[in-house]
K.L.:
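Quick one: structure below, then a few questions.
Worth knowing before you read on, the calculation uses all heavy atoms, side chains too, and leaves out hydrogens, waters and symmetry mates.
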Amino acid sequence: MEVTSMNGSGIYLVCKRAFDIGVAGCALLVLLPLFLLVGLAIKLDSDGPVFFRQERLGLRGKPFLLYKFRSMFLGAEKLGVYEVKNDPRVTRVGRIIRPLSINELPQLINILRGEMSLVGPRPVLPFHPWPLSEYTPEQRRRFLAKPGLTGWAQVNGRKSVLWDRRIELDVEYVDNASWTFDARILARTVWVVLSRRDGYNTTETARRMNDHRS
């Protein structure tokens, strides 16, 4: 895949990386007590590791291991990638940490490792919504940016939006990346998380993905 870098000046990209390191590092220190509490709760609640690791596609489509707090029972991913309301795969702890996206916080480690950024397209699975080879040339431009803890698609419908539209929003971010755009996304993320909006995939979204791959 012939991609080089995200739209934006070299100064912007360097400062963005420095900002990512500073915020992620400070957040990990401040949130350490929460990490310990959540980790203990997960271990007491169900069998399995505290962290869930999963391969995702990052910058230029390069695979990396993404970290989350485990919020589902072991083997849950084998039953599908979509979560629905009252999903029986979600643990008791998961029902607390998922609505507020606390399960996503270990991705601060991915940010420190340089695999992710605070803002960018959310990292996709190698096979979902479809294999990398099936992305159109325009859609592949979403991989010009490092994946983010939050992104433009996440504050514009999140999981309720069809995948074609999510990717369009990702490309829109790549084309318009700037400090003001990043700040706008971060501010809207706070509202989306606190309001618990669009936290579940819809039947239409799932059906559209299956239609695309058929």
Side-chain angles (χ1 to χ4, degrees), residues 20 23-58 63-129 147-151 153-155 157-161 163 166 186 188-203 205-206 209-210:
D20 285 342
V23 172
C26 290
L28 283 170
L29 288 175
V30 172
L31 295 173
L32 181 58
L34 176 63
F35 271 52
L36 294 174
L37 179 62
V38 172
L40 178 61
I42 290 172
K43 292 299 291 184
L44 293 175
D45 182 49
S46 60
D47 293 332
V50 169
F51 295 107
F52 173 70
R53 299 190 303 171
Q54 188 177 57
E55 186 175 78
R56 297 294 181 100
L57 299 182
F64 72 98
L65 284 179
L66 175 139
Y67 294 93
K68 292 185 179 186
F69 281 122
R70 183 176 58 81
S71 58
M72 289 188 172
F73 293 104
L74 289 178
E77 68 276 10
K78 297 177 182 178
L79 300 177
V81 298
Y82 286 105
E83 178 198 2
V84 297
K85 288 186 177 180
N86 301 316
D87 196 317
R89 298 173 300 167
V90 179
T91 64
R92 288 176 296 180
V93 172
R95 297 193 187 284
I96 298 173
I97 65 177
R98 289 178 73 91
L100 292 174
S101 297
I102 293 173
N103 61 309
E104 307 285 354
L105 290 178
Q107 288 159 51
L108 292 168
I109 298 171
N110 290 115
I111 293 174
L112 284 182
R113 289 163 57 98
E115 298 158 336
M116 290 180 61
S117 177
L118 287 170
V119 180
R122 282 296 293 161
V124 295
L125 291 160
F127 57 87
H128 177 77
L149 187 60
T150 185
Q154 280 56 56
V155 298
R158 203 178 176 188
K159 294 182 179 180
S160 67
V161 179
W163 268 101
R166 292 191 212 182
L186 288 171
R188 290 182 61 173
T189 297
V190 175
W191 163 247
V192 169
V193 170
L194 293 180
S195 64
R196 304 186 184 185
R197 294 177 56 189
D198 307 314
Y200 301 98
N201 290 100
T202 64
T203 302
T205 303
M209 184 273 292
N210 291 332

K.L.:
Treating Thr91 as the side-chain partner and Ser71 as the backbone partner, does any N or O pair qualify as donor plus acceptor under 3.5 Å?
P.N.:
yes
K.L.:
Might you point out which heavy atoms bring Ile42 and Pro49 nearest each other, and give the distance in Å?
P.N.:
CG2-O, 3.9 Å
K.L.:
Determine the minimum heavy-atom distance between Pro88 and Arg95, stating which atoms define it.
P.N.:
CA-NH2, 4.0 Å
K.L.:
To check you understand the geometry: which heavy-atom pair defines the closest contact between Lys43 and Gly48, and what is its length?
P.N.:
NZ-O, 3.2 Å
K.L.:
Would Leu105 and Ile97 satisfy side-chain contact (heavy atoms from CB on, under 4.5 Å), going step by step from the backbone distance to the final call?
P.N.:
CA-CA 10 Å; Leu105 290 178; Ile97 65 177; over 6 Å; no
K.L.:
Under the salt bridge (charged side-chain N to carboxylate O under 4.0 Å, His left out) rule, collect the residues that match up with Arg113, sequence neighbours excluded.
P.N.:
Glu115
K.L.:
Can you find a pair of side-chain heavy atoms, one from Val50 and one from Arg70, that are under 4.5 Å apart?
P.N.:
no
K.L.:
Do Gln154 and Thr189 have side chains that get closer than 4.5 Å, going by heavy atoms?
P.N.:
no
K.L.:
CG/Asn110 to NZ/Lys68 distance, rounded to the nearest 0.5 angstrom?
P.N.:
11.0 Å
K.L.:
For Arg53, check salt bridge (charged side-chain N to carboxylate O under 4.0 Å, His left out) against everything at least two apart and list the hits.
P.N.:
none
K.L.:
Assess the side chains of Arg122 and Gln107: does a donor N or O sit below 3.5 Å from an acceptor N or O?
P.N.:
yes
K.L.:
With distance as the sole test, does Asp20 use its side chain to make a donor-acceptor pair with the main-chain N or O of Leu118 at under 3.5 Å?
P.N.:
yes
K.L.:
To the closest 0.5 Å, what do you measure between SG (Cys26) and CG (Leu28)?
P.N.:
9.5 Å
K.L.:
Which atom names give the shortest non-hydrogen contact between Ile111 and Leu149, and what distance separates them?
P.N.:
CD1-CB, 4.3 Å
K.L.:
Just wondering, do Leu57 and Leu125 contact through their side chains at under 4.5 Å, heavy atoms?
P.N.:
no
K.L.:
Any idea which heavy atoms bring Leu112 and Gly25 closest together, and the distance?
P.N.:
CD2-N, 3.9 Å
K.L.:
Is any side-chain heavy atom of Met72 closer than 4.5 Å to one of Phe52?
P.N.:
no
K.L.:
Check whether any side-chain heavy atom of Arg56 lies under 4.5 Å from a side-chain heavy atom of Pro147, and answer yes or no.
P.N.:
no
K.L.:
What I'd like to find out is whether the side chain of Trp191 reaches to under 4.5 Å of the side chain of Val193, using heavy atoms alone.
P.N.:
no
K.L.:
Which is it for Gln54 and Leu65 under the side-chain contact (heavy atoms from CB on, under 4.5 Å) test, yes or no, and what are the steps along the way?
P.N.:
CA-CA 5 Å; Gln54 188 177 57; Leu65 284 179; over 6 Å; no
K.L.:
For the backbone of Ala153 and the side chain of Arg166, can you confirm whether one donor and one acceptor N or O come within less than 3.5 Å of each other?
P.N.:
no
K.L.:
Return the minimal non-hydrogen interatomic distance between Ala41 and Val93, and the atom names on each side.
P.N.:
O-CG2, 3.6 Å
K.L.:
Suppose the criterion is ring pair (Phe, Tyr, Trp, His ring centres under 6.0 Å): which pairs have a residue in residues 25-51, not counting sequence neighbours?
P.N.:
Phe35-Phe69, Phe51-Phe69
